[in-house]
K.L.:
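This is the structure, below, for whatever I ask next.
Below, chain A is the first sequence line, B the second, and so on; all start at residue 1.
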Amino acid sequence: MALHVLYFAWVKDKVGRGEETLSPPPAVKTVSALMDWLATQSPGHAAAFSDRRLIKAAVDQQHVDHGAALDGAGEVAFFPPVTGG
Amino acid sequence: MALHVLYFAWVKDKVGRGEETLSPPPAVKTVSALMDWLATQSPGHAAAFSDRRLIKAAVDQQHVDHGAALDGAGEVAFFPPVTGG
Amino acid sequence: MVRVQKHAFDPGAEINAFLATVPKSGGVATFVGQVRDFKGAETVHAMTLEHYPGMAEREFAALAAEARRRWVLDGLLIIHRYGELRPPEPIVLVATAAAHRADAFAACEFLMDWLKTKAPFWKKEAFESGETWVASSADDEARAQRWK
Amino acid sequence: MVRVQKHAFDPGAEINAFLATVPKSGGVATFVGQVRDFKGAETVHAMTLEHYPGMAEREFAALAAEARRRWVLDGLLIIHRYGELRPPEPIVLVATAAAHRADAFAACEFLMDWLKTKAPFWKKEAFESGETWVASSADDEARAQRWK
């Protein structure tokens with residue numbers, strides 16, 4: 001199943017791209033499991049996800065915890081804590 | 001001793017003037033005593049000072065309580081609670 | 001800066017001029033108070049603001065000094081009108097600039113709350129049926145007390 | 001109204017336009033956040049604001065709805081920039097209009113506090129020595145928690 005994955009700020013810098021469309025295996029059912037799987041995709045991904053405590057996630061443009069289910073999500077984003085305003 | 005007395009808002013309306021220069025007797029040593037004396041000056045003054053709880057005072061342009069001394073004050077003002085802003 | 005003036009002012013232009021004086025401030029909080037065209041079910045045609053010249057400026061200067069004692073501010077502006085105003089003209093503008101937005105917000109709200117109970121201005125509203133002095137508000141008094 | 005935009009905006013003009021939409025509001029609170037030209041002892045030459053298009057607008061809409069649930073507001077404006085900014089350009093403008101100034105102030109500060117921890121924007125500062133992503137602030141997190 002195709003999943004649109006977005007990266008922002010230094011997560012994007014480390015991964016080396018801002019977005020990609022991936023097909024994680026069916027066993028990847030949560031945000032946390034997705035991070036585990038993404039970390040195996042390239043050295044850049046591994047660097048970006050080396051400390052999960054620094055990473056926030058959104059599923060279909062809603063903030064979620066790492067334990068959140070992906071269900072039929074079409075878009076998942078990973079980023080550091082926001083610093084706008 | 002000449003004292004410049006100012007009135008604002010409905011206190012002014014009741015007294016019938018915005019300011020006057022008066023020479024209260026030497027026994028008038030506090031704001032409260034000044035109000036007692038002013039109330040005897042005309043029916044308008046009496047009406048303005050009929051309920052002292054509604055009246056605020058300033059001595060030389062500083063908010064004061066009714067018990068404040070006049071000392072060598074040059075200017076005393078009487079007005080309702082402020083409603084600016 | 002503190003200004004007590006009869007003529008109308010342009011709040012956006014004043015805020016921009018104020019911003020130009022505080023380029024190093026991360027945050028600027030402002031408050032604009034406007035003349036409302038109603039009170040309850042009645043229409044307010046105009047408002048007259050009487051003030052105590054001299055004391056008004058003194059009170060604003062004292063409020064500004066107190067705000068600067070309480071918070072770290074890069075700048076502060078108070079403009080207050082007197083005379084005849086029409087809805088929805090601005091009556092008052094307060095602006096505060098600080099490195100930290102919490103200081104700017106707190107100082108701005110403090111200045112408005114104290115100004116409401118200390119600055120010697122009195123509002124008279126003109127209705128169809130005549131003119132009435134606005135009564136002071138117990139809520140304003142309570143809000144001012146929070147900062148004691 | 002909520003706007004996420006790349007181009008610069010004129011805070012005074014935006015505030016005047018907002019005031020024109022709320023002639024019946026007694027009070028309008030605003031906050032302007034500006035790009036600072038320093039961080040500690042270092043000079044900041046420019047700032048880049050990255051954002052998450054789509055989610056940024058959604059979050060602002062959710063914050064606006066939450067503010068309207070909590071306070072009685074006549075109007076509300078959020079403008080936030082993204083892209084390249086230079087000191088001391090405005091980054092963000094929040095304005096809130098209400099009959100009572102307490103509502104306007106509280107809603108304005110709430111929106112800023114929540115926006116700081118929820119709106120998907122990330123600041124990168126350009127120094128002489130290179131560019132650095134701004135770290136999130138524990139103080140911002142604590143301020144946002146006050147409104148839970």
K.L.:
Answer yes or no: is there a donor N or O on one side and an acceptor on the other, between the side chain of D/Glu14 and the main chain of C/Gly12, under 3.5 Å?
P.N.:
no

K.L.:
Please classify the contact between D/Pro87 and chain C as side chain, backbone, both or neither, with a heavy-atom cut-off of under 4.5 Å.
P.N.:
neither

K.L.:
For the interface with chain C, which of D/Lys116, D/Glu109, D/Arg143, D/Glu89 has the highest count of heavy-atom pairs at distances below 4.5 Å?
P.N.:
D/Glu109

K.L.:
Can you name the nearest heavy-atom pair linking D/Pro88 to C/Pro23, along with the distance?
P.N.:
CB-O, 3.3 Å

K.L.:
A quick test of your reading: do over 12 heavy atoms of other residues, nucleotides or ligands sit less than 6.0 Å from CD of C/Glu128?
P.N.:
no

K.L.:
What's the separation between atom CZ in D/Phe105 and atom CZ in C/Phe105, rounded to the nearest 0.5 Å?
P.N.:
9.0 Å

K.L.:
So, the side chain of C/Gln34 versus the backbone of D/Val28: is there a donor-acceptor pair under 3.5 Å, distance only?
P.N.:
no

K.L.:
Which region of D/Ala29, side chain (C-beta onward) or backbone (N, CA, C, O), has a non-hydrogen atom less than 4.5 Å from a non-hydrogen atom of chain C, or is it both or neither?
P.N.:
both

K.L.:
Who wins among D/Ala13, D/Gly26, D/Ala104, D/Ala20 for the most heavy-atom pairs under 4.5 Å with chain C?
P.N.:
D/Gly26

K.L.:
Out of curiosity, D/Ile15 CD1 to C/Asn16 CG, how far, rounded to the nearest 0.5 Å?
P.N.:
7.5 Å

K.L.:
Check step by step if side chain to side chain contact (heavy atoms under 4.5 Å, CB included) holds for C/Arg101 and D/Val32.
P.N.:
CA-CA 9 Å; C/Arg101 73 181 180 284; D/Val32 177; over 6 Å; no

K.L.:
Please classify the contact between D/Val35 and chain C as side chain, backbone, both or neither, with a heavy-atom cut-off of under 4.5 Å.
P.N.:
backbone

K.L.:
Please flag which part of D/Asp139 lies under 4.5 Å from any non-hydrogen atom of chain C: side chain, backbone, both or neither.
P.N.:
neither

K.L.:
Give, as side chain, backbone, both or neither, the part of D/Ile91 having an atom under 4.5 angstrom from any heavy atom of chain C.
P.N.:
neither

K.L.:
Could you tell me which of D/Asp140, D/Val94, D/Thr96 has the largest number of non-hydrogen atom pairs under 4.5 Å with chain C?
P.N.:
D/Asp140

K.L.:
Flag the one option from D/Ala95, D/Ala97, D/Ala102 with the top tally of heavy-atom pairs under 4.5 Å to chain C.
P.N.:
D/Ala102

K.L.:
Which atoms of C/Ala99 come close to chain D, meaning under 4.5 Å heavy atom to heavy atom: side chain ones, backbone ones, both, or neither?
P.N.:
both

